[in-house]
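Beneath this line is the structure, given in structure tokens, with notes to follow.
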Amino acid sequence: MRRLVTFSTAVLVGLLALLIGCYDQPGQAEFNEGLAEFREGNFVRAKALLENAISKNPGGELNADAYNWLGVANWRLGLVAEAVDAFSDSRRLNPDDVTPTYNLAVVLSKSGDMEQASVLFEEAKLMDGQDTRALEYQAQLAVRQGDWASARRALYEALDRKPESARILTALALAELRMEGPDAAASYLGQALEKNPVYAPALYNLATIQKDYLKNPQDAKAYYRHFLELENSGPYVMRARRALMERSPLLPTPTPRATPTPQPTATPTTAPTTVPTPTPTPALTPTPMPTPVVPPTPTPTPRPIPTVAPTPTPRPSFPEYDAYLQQARELIERGNTQDAFTAYIQAAKLARAQNRPELFDETLKKAASDCFDQAPAHFALGKHLSSKNEHKAALNCFKQAAVLKPDSDNIMKALAAAATQAEEYDTALIAWRKVVEMDRGNPDAHWMLASAYEELGSREKAAQGYQDFMRMFPEDVRIIQARRKVAELRTREAVPQRQTVTITRDSRIEPAPRPAPTPTPDTRPRHARTDQVEEAPPPQKTPMLDRQLNFNKTVVRKERAAIQAYNRGTHYQSAGELDRAIYYYKRAIENDDTFAPAFYNLGSVYLATGDLDLAKDAYLNALRLQDDMIDARYNLALIYHQLNQDVPAEKHALEVLKRAPDHANTHMLLGLIYADRSNQVDRAMLHYGEFLKLSPGSPSAREVQRWMREHAPVN
């Protein structure tokens, strides 16, 4: 009987093991074997097994980790493009895991794509508030560029996240050595050894600082001995041994050892190791932006009349000036044009301080001539010539500076301005385009770009440029002037009609500092239009097909994930990265489709990109979930007004006033709607009057008052 029980038990255990094995995920065995091969250094075999694991279970939970490990294996094999693809797939499958994002950033930085790598490093920092890899790697990059201040800032932030890290303290010590001196560096290395007494890089660096900077040879030798007890191979071991045997100052001096550069890593988990506590951004109900004001008429700049200037009598030189000139000449002979330019600038400052304009002019020209490969030299001379109204000569200087440093926004702005002043409008057009690309939130650049189109006779593009200006900068004093220009440029159109700004997804603008900006209506009170029937409201034009938001419906509500995605959306919106903001707001909605603030901010982003259909749908969803969102309803009314659908615009604006009777901009919007209807001028007068009571200091007050005077009833 006992044998029968024993045999039955064995059979049962075997069946359970078989059943457990049967419930392993497809590809699990290949995944585990691939990791084992990876740890053994068999990267080719690991790559094949990981690819097999992914192919066996295309939608499996392990695939995000499998792709991450596959990316590291490809990197170790030198397959950069395949590594990038694998890390990107891992990010796509698990966007909340910081590891593939960090790994992809490392690979791109090592491949030379620093622009995209920087974006990913910033994203990695936001994804996990405890992870320090991105910060440490950014510090390493800053050190390579000699930017010790940036390196120190990054390491301080990393230390805030992991104050117990001897590695971060050691790296910070090397930055402090350059910034504050050896005492500060020794202090941080001492802290590192308190955290980890056997951290070899800290021991070696402290020994080197004691020996070469603080001149404490006995302490240095003690640290070198301790270092050698821990390490027995490598270049730093040889240097430490030589330092212990050193008897003569002629022997080589050891150098501080940098902490190891972070490399791509793989974390075999299906979820991020730590998740920051999400907190929603407070600015959920932003206030409207100020309304535009009537601009003053610009005063034309008088052109200087060239005169023959008398030759100044040479004044005696002064020693400090001559010393800087001599220093610059010596540096030029050594080929050091960068420091030579610095010397020339110091000489020029002395000449200006001594009220020697002729020497100042001569010094800047000499600097541009001798330091021909230094963009700042040509830029400085160009600024000086511009101040003297020598725009043609200044333009040539700025062109040379732009050739040497094409990505400098200051140089490009100066080039564009000089080209405009020199009336080289084709050059100005190219330069202002570049400035707009570099600084989309610059109203002057947009205005000058439209002006350049106008000067070159491109009437349609000029009109579009002024319309973009009105849309993007409604508070600018030039908005009324822009309207007049658009009207003038459109006079040749066959059928006069109300113009609507055409905006594409590529028309990007910088959002206001708060995450959810609220736009302001066109505040010019309009007269009754000739294309409308006198005794009836204007007909409403309804779009044939209104586009709607496209997102995956929530299956299981995940409030924490929704808040985390929402916070990242507000970050990217504030930074002007609107595509990323849209992605994360949609992700927040997919995790919780009752999250009204996410719909609201999504509407604000679409409104900023000019996609009125999707902005309208987002605001409608926000109001469906929370109908007391005053700013969402006001924005929705404004969108309907911009779409020439004044009936729903009026309906939502009146609803706003029911809930907030003192909403000044809603009174302004209703005034605009009623001003277009010849039989409702009295209602326009009423709402404009309320607007003036609530916002007497508005820049638009004068224009509103003018309209009211023109339409006041005659006694």
Side-chain angles (χ1 to χ4, degrees), residues 279-289 511-512 514-521 540 542-543 546-554 557-559 562-563 565-567 569-570 573 581-582 584-608 611-674 683 687 690-691 694:
T279 54
T281 304
L284 298 181
T285 310
T287 56
M289 295 187 295
R514 56 177 52 87
T518 304
T520 304
Q540 302 303 312
T542 304
D546 284 350
R547 291 160 48 248
Q548 295 183 330
L549 296 176
N550 180 22
F551 57 89
N552 297 324
K553 299 297 182 182
T554 301
R557 186 161 291 116
K558 302 175 183 176
E559 294 183 4
I563 293 173
Y566 171 84
N567 288 342
T570 60
Q573 183 178 354
I582 289 171
Y584 281 109
Y585 286 142
K586 281 189 174 182
R587 184 165 176 78
I589 292 166
E590 288 170 354
N591 280 288
D592 183 359
D593 56 10
T594 65
F595 195 3
F599 280 109
Y600 178 86
N601 281 10
L602 183 59
S604 296
V605 175
Y606 278 128
L607 191 56
D611 197 330
L612 300 186
D613 279 344
L614 296 186
K616 180 176 68 174
D617 193 41
Y619 285 131
L620 285 170
N621 275 281
L623 291 170
R624 174 178 55 82
L625 296 167
Q626 187 177 334
D627 67 350
D628 61 347
M629 296 181 77
I630 298 298
D631 292 296
R633 195 172 295 279
Y634 167 77
N635 287 358
L636 183 60
L638 181 61
I639 289 172
Y640 278 122
H641 178 62
Q642 291 175 344
L643 292 172
N644 295 341
Q645 300 175 34
D646 282 346
V647 169
E650 177 187 6
K651 171 189 171 184
H652 286 286
L654 291 173
E655 184 65 27
V656 170
L657 292 184
K658 285 182 184 178
R659 299 172 182 271
D662 294 338
H663 200 278
N665 269 12
T666 301
H667 284 290
M668 168 62 81
L669 177 58
L670 284 169
L672 291 172
I673 293 170
Y674 295 137
R683 299 186 71 178
H687 286 287
E690 289 298 315
F691 171 75
L694 295 167

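The first residue in the sequence is number 1, and the count goes up from there. Computed from a prediction, not measured in an experiment: that's the story for all the values here. When reading the values below, keep in mind they use all heavy atoms of this one structure, side chains included, and skip hydrogens, waters and symmetry mates.
- Between Ser604 and Gln573, the closest heavy-atom pair is CB-NE2, 4.0 Å.
- When all heavy atoms are compared, the tightest approach of Lys616 to Ile639 is N-CD1, 3.9 Å.
- How far CG of Asn591 is from CD1 of Ile563: 10.5 Å, rounded to the nearest 0.5 Å.
- The structure places CG of Asp631 at 12.5 Å from CG of Leu636, a figure rounded to the nearest 0.5 Å.
- By the 30° and 60° cut-offs, the orientation of the rings of Tyr634 relative to His663 is tilted.
- Counting heavy atoms from C-beta outward, Leu694 and His667 have side chains that approach closer than 4.5 Å.
- Tested against Ile589, the residues Tyr584, Tyr566, Phe599 include a single side chain to side chain contact (heavy atoms under 4.5 Å, CB included) partner, Phe599.
- For the atom pair CG (Leu638) and OH (Tyr619), the distance works out to 9.0 Å, reported to the nearest 0.5 Å.
- Taking every heavy atom of both residues into account, Gly603 and Ala615 meet most closely at O-CB, 3.5 Å.
- Interatomic distance, Leu614 CG to Gln548 CD, rounded to the nearest 0.5 Å: 9.0 Å.
- Counting all heavy atoms, side chain and backbone alike, Thr554 lies closest to Glu590 at OG1-O, 2.9 Å.
- The pair Glu655-Arg659 meets the salt-bridge criterion, since a charged nitrogen lies less than 4.0 angstrom from a carboxylate oxygen.
- In this structure, the side chains of Leu657 and Leu670 come closer than 4.5 Å at one or more pairs of heavy atoms.
- Between Leu549 and Tyr606 there is a side-chain heavy-atom pair separated by less than 4.5 Å.
- A salt bridge links Arg557 with Asp593: at least one charged nitrogen is closer than 4.0 Å to a carboxylate oxygen.
- The 12-atom threshold is exceeded at CG of Asp628, counting heavy atoms of other residues, nucleotides or ligands nearer than 6.0 Å.
- The shortest non-hydrogen separation linking Asn621 to Asp617 is ND2-O, 2.8 Å.
- For Tyr585 (side chain) and Thr570 (main-chain N/O), a donor-acceptor pair under 3.5 Å exists by modelled atom type.
- Pairing each heavy atom of Gly569 with each of Ala581, the nearest pair is O-CB, 3.6 Å.
- Tyr600 is not listed as a side-chain neighbour of Gln626, based on a closest heavy-atom distance of 4.5 Å or more.
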Report task. Could you go through the side chain to side chain contact (heavy atoms under 4.5 Å, CB included) check for Tyr674 and Glu650 one step at a time? Result -> CA-CA 9 Å; Tyr674 295 137; Glu650 177 187 6; 2.7 Å; yes
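- Contacts of Lys553 classified as salt bridge (charged side-chain N to carboxylate O under 4.0 Å, His left out), with partners at least two apart in sequence or in another chain: none.
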Requested in this report: Check the pair Arg633, Leu623 against side chain to side chain contact (heavy atoms under 4.5 Å, CB included), reporting the backbone distance first and the verdict last.
Outcome: CA-CA 7 Å; Arg633 195 172 295 279; Leu623 291 170; 3.9 Å; yes
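- The line from CG of Asn635 to CD of Gln642 is 9.5 Å long, rounded to the nearest 0.5 Å.
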Report task. Go through the steps for Thr666 and Phe691 under the test side chain to side chain contact (heavy atoms under 4.5 Å, CB included), then give the verdict. Result -> CA-CA 8 Å; Thr666 301; Phe691 171 75; over 6 Å; no
